[in-house]
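Below: one structure, written as structure tokens.
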Protein chains: 2
Amino acid sequence: MHMPVKPAFNPLYQQVKESLLRRIAAGEWAPGSFLPSEPVLAEEYGVSHGTLRKALNELTAERRVVRYQGKGTAVATFDADEALFRFFRIVSCEDRRTLPISEVLGAAPGKATPEEAAALDIPLGAPVLRIERVRSLDGVPLLNERITLSCARMPGIEAIPVGALPNTLYDFFQKRFNVTIAKADESITAVAADKIDAERLVVPVGHPLLAIRRVAMDIEENPVELRHTRCVTANFHYRTKLS
Amino acid sequence: MHMPVKPAFNPLYQQVKESLLRRIAAGEWAPGSFLPSEPVLAEEYGVSHGTLRKALNELTAERRVVRYQGKGTAVATFDADEALFRFFRIVSCEDRRTLPISEVLGAAPGKATPEEAAALDIPLGAPVLRIERVRSLDGVPLLNERITLSCARMPGIEAIPVGALPNTLYDFFQKRFNVTIAKADESITAVAADKIDAERLVVPVGHPLLAIRRVAMDIEENPVELRHTRCVTANFHYRTKLS
DNA sequence: AAGTGGTCTAGACCACCTT
DNA sequence: AGGTGGTCTAGACCACTTT
């Protein structure tokens, strides 16, 4: 046998970071509330100011935590506008960002299809909640969405009445289930509007639409949500910055 | 008059970072070559190890520089596959990433249109080079591209013979003109194929296509390239990670 | 004034690569 | 062995917010 190539050298600040991450994920400090101060945490972990700082710096870079000079360090939330728009990439031609208004057409429990099971990493036939909704910008229906959520990850969500589903879901996931959406993968194609798209988005059948398939993940990179969106791009477009 | 709200407090490490950035942009160290070692640079700037390190850390995070433990710190290049794919988001349905093969249909000098002038931040009518090309993946024509470059930013590029335009332009920009593409903004819409799209991409007129409009920028955020792409998304899609 | 995060230093030691 | 980047410490001082 070979010796391991990476002999598990784990810097101190990494260990501290991982510990803090676990404690945040466990809910020891709620989103929005403040962590103990740096001197206190350093004392608690028995490390120097600098080492603790390096751990917090990485958590800041990963947006798990927000620091306020003179005040303290808080667990990140979706409250801020910045966070709300992080996963919403549709902007007007003039680059105005407007939060769309959702009209929920229906929400129904079901059993995971092969695609849903694969995307959400759950067994075939596992319980899911499917939401259909149309989102409008400036009063114009633009987005036709089908959202699939794993009930296992958010127990009780299938019992939420349709009317109680809020406009901003990710904010709701965090407050209600302590599920923080941290990443999402999107793949985009161009398709022709089918009959349902045409009705809901008020365009002719065959009209070109953006088809966006999103898998959203929590902090630990567990997939939480599968979302299919059909989008009219007459006066709006999908905007992304590469770097 | 009010006093300035931000009294220009500039940390030392920021000043060092900006200085290093200027020296890299000026070409003092070519892409791929090594900077002086950390102790030497610290001595040169009259700062401590830690402060110099913080400056280099930020440059590393911004991918301006690559560090190799035990060897040194080098100016970043586009050589690495990772860098080449950073701005290429079209992948197959199975998530294979293949570099497309370009067929240049033509390259011609011209005068900037209003859209080009606005995007590239140059005067209306300023000299530009326009390139038309079709890119194929796995032998199938997928991308119909029109690229506009400002001649002022890359003097002499209008004289490059069409046959000498390489497959990977950004790599070429860096090696030939010391222009490093650092960022790009893309906006995406869905459109119906026009006659030219249909011919070049071998699809029926009216077929839904992705229309991608990219403005690529160098290190100093000066826009360098405007690119319009029409893309068939039958077996491929545009992939992006949100975080 | 006291507490928080942010910067900076000087020095020790560790991990990795080259010779 | 000697040089490079990477980690860690202890302590000083600065900037910001609150009391």
Decide, yes or no, whether a salt bridge links [X] with [Y] under the criterion of side-chain N to carboxylate O below 4.0 Å.
X: A/R64; Y: A/E62; answer: no
X: B/R176; Y: B/D171; answer: no
X: A/R153; Y: A/D121; answer: no
X: B/K175; Y: B/D79; answer: yes

TODO: Kindly check if the number of other-residue, nucleotide or ligand heavy atoms within 6.0 Å of CD (B/E43) is above 12?
DONE: no
TODO: For A/I101, look at atom CD1 and say whether over 12 heavy atoms of other residues, nucleotides or ligands are found less than 6.0 Å away.
DONE: no
Could you check how far [atom1] of [X] sits from [atom2] of [N], rounded to whole Å?
X: A/L52; N: C/dG6; atom1: CG; atom2: P; answer: 12 Å
X: B/L12; N: D/dA12; atom1: CG; atom2: C1'; answer: 15 Å
X: A/H49; N: D/dC8; atom1: NE2; atom2: P; answer: 15 Å
X: A/Q69; N: D/dT17; atom1: CD; atom2: P; answer: 7 Å
X: B/K71; N: D/dG3; atom1: NZ; atom2: C1'; answer: 13 Å
X: B/R67; N: C/dC17; atom1: CZ; atom2: P; answer: 16 Å

Task: Within residues 17-47 of chain A, residues whose heavy atoms come under 4.0 Å of DNA chain C - done: A/S37, A/E38, A/P39
Task: B/Y13 side-chain proximity, nearest of C/dT7, D/dC8, D/dT18 - done: C/dT7
Open item on the list: Counting only side-chain heavy atoms from C-beta out, which of C/dC16, C/dC8, D/dT9 sits nearest to A/T51?
Closed with: D/dT9
Open item on the list: If you compare every side-chain N and O of B/T73 against the phosphate oxygens of D/dG5 (OP1, OP2), does one of them come in below 4.0 Å?
Closed with: yes
Open item on the list: Can you list everything that forms a side-chain hydrogen bond (donor to acceptor under 3.5 Å, both in side chains) with B/T189? Sequence neighbours excluded, please.
Closed with: none
Task: Contact residues, residues 53-60 of chain A to DNA chain D [heavy atom, < 4.0 Å] - done: A/K54
TODO: Say whether, by atom type as modelled, one donor and one acceptor occur between the side chain of B/R135 and the main chain of B/N167 under 3.5 angstrom.
DONE: yes
Open item on the list: Quick check against the 3.5 Å criterion: does A/T233 have a side-chain atom that pairs as donor or acceptor with the backbone of A/H237?
Closed with: no
